[in-house]
Amino acid sequence: MRHFLRDDDLTPREQAEVLRLARELKADPYARKPLNGPATVAIIFDKTSTRTRVSFAAGVASLGGYPLIINPGESQLGEKESITDTAKMISRIAKLIVWRTGAHERIVEMAENSQVPVINSLTDDFHPCQILADLLTIQEHKGALAGLTAAYIGDAANNMGQSYALGFATAGMHVRLASPVEYRPRADIIADAERIAAGTGGSVTVLSDPVAAVRDADVVITDTWVSMGQESEKQQRVATFGAYRVTPELMAQAADDAIFMHCLPAYREYEVAAEVIDGAQSVVWDEAENRLHAQKALMCWLLEQKEEQQ
Ligand code: CP
Ligand code: NVA
């Protein structure tokens with residue numbers, strides 16, 4: 001059974017198909033009702049969320065289903081019940097499991113013990129639903145994806161940096177990741193992204209200089225310097241990442257028609273200047289809305305795959 005835990009769980013052809021379906025559903029939101037019943041989708045949060053919560057709840061409802069939201073601390077999962085037992089129980093009733101958690105191994109265990117597809121809605125290592133939404137947004141603003149250059153500036157060791165490497169390579173894009181040396185993506189993830197890029201015509205470049213990364217890029221991206229769970233490191237991180245703020249001067253090094261993206265929530269005057277995120281090149285609100293359309297497409301696709309197997 002297919003799950004979506006990492007960006008490279010979709011082949012290039014499958015990723016393109018999900019994005020095509022996302023465009024179809026954006027144009028005609030109620031065209032597909034695979035959850036008609038309504039069937040339940042369990043959406044579990046071990047960390048806080050605005051976009052993921054709203055977009056999955058609305059998306060499940062518009063596919064004809066019922067979104068069962070389980071907030072941090074509301075279920076037996078954790079101290080009282082194992083991930084394995086939770087997966088076995090929930091997947092007897094729900095049609096899909098969507099989970100935001102910490103260590104990536106946790107969602108792997110959930111998927112291994114689930115009878116229904118499991119979707120990663122953020123772990124410490126990856127945020128693949130966000131990358132699908134970003135790809136949809138780039139397509140809308142730039143046309144094709146293959147051959148475009150995207151520069152990600154900031155914490156490249158976090159879930160966004162690592163997911164951009166895999167997901168953008170899958171789309172045949174040239175992805176540049178600029179960060180302090182100690183905040184580069186994991187070596188095995190870069191190796192996987194390079195292997196994918198070799199097949200799609202894309203490329204992955206890991207570097208330290210934000211100006212070199214951004215030069216002539218079509219897309220400039222950043223994310224918080226302090227991800228959920230890293231709050232105690234804030235002071236040190238703010239000092240380390242100071243040179244990686246996306247400012248108007250940095251944006252001026254990119255292509256004239258470059259777009260700016262951020263998965264949000266954003267911390268103005270830390271990773272991005274207000275003039276950039278609130279300026280004419282920013283597409284962050286399209287990006288946030290596209291979570292809905294991309295995730296609806298993903299859910300339809302995973303349910304279809306499961307049906308075909310049965
Ligand atoms: N981008 C994103 O996942 O936002 P939330 O944390 O608000 O869900
Ligand atoms: N890197 C951020 C993404 C938030 C959507 C975090 O993990 O907190």
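Read the numbers this way: they start at 1 and go in the same order the structure lists the ligands and their atoms.
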In ligand 2, which numbered atoms sit nearer than 4.0 Å to a non-hydrogen atom of [X]?
| X | value |
| --- | --- |
| L264 | 5 (C) |
| L122 | 3 (C), 4 (C), 5 (C), 7 (O) |
| N158 | 1 (N) |
| M228 | 6 (C), 7 (O), 8 (O) |

Of all the heavy atoms in D155, does at least one lie under 4.0 Å from an atom in ligand 2?
no
Touching ligand 1 at all, [X]? Heavy atoms, strictly under 4.0 Å?
| X | value |
| --- | --- |
| R53 | no |
| K47 | no |
| L264 | yes |

Residues which pass salt bridge (Lys or Arg N to Asp or Glu O under 4.0 Å) with E304, listed by chain and number, not counting sequence neighbours
R32
Within-4.5 Å side-chain heavy-atom neighbours: Q230 and D155
yes
Looking only at side-chain N and O atoms, does [Y] offer a donor or acceptor that is under 3.5 Å from a partner on [X]?
| X | Y | value |
| --- | --- | --- |
| N120 | R100 | no |
| R51 | Q130 | no |
| K296 | S62 | yes |
| H127 | Q162 | no |
| T149 | H174 | no |
| D286 | T137 | no |

Looking at ligand 2, does any of its N/O atoms fall within less than 3.5 Å of an N/O of [X]?
| X | answer |
| --- | --- |
| S227 | yes |
| N159 | yes |
| H127 | no |

Show which atoms of ligand 1 fall inside a sub-4.0 Å distance from at least one heavy-atom site of C263.
1 (N)
Residue T50 vicinity, atoms of ligand 1 by number, heavy atom under 4.0 Å
5 (P), 7 (O), 8 (O)
Could you check whether F241 and Y183 have their ring centres less than 6.0 Å apart?
yes
Is a side-chain N or O of R245 found less than 3.5 angstrom from the main chain of Y270, in a donor-acceptor match?
yes
Using modelled atom types only, decide if a donor and an acceptor are shared between the side chain of E109 and the backbone of E105 within a distance under 3.5 Å.
no
Nearest-neighbour protein heavy atom for [atom], which is reported as residue plus atom name and distance:
| atom | answer |
| --- | --- |
| atom 3 (C) of ligand 2 | D223 OD2, 3.8 Å |
| atom 2 (C) of ligand 1 | R291 NH1, 3.3 Å |
| atom 4 (O) of ligand 1 | R51 NE, 2.8 Å |
| atom 6 (O) of ligand 1 | R100 NH1, 2.8 Å |

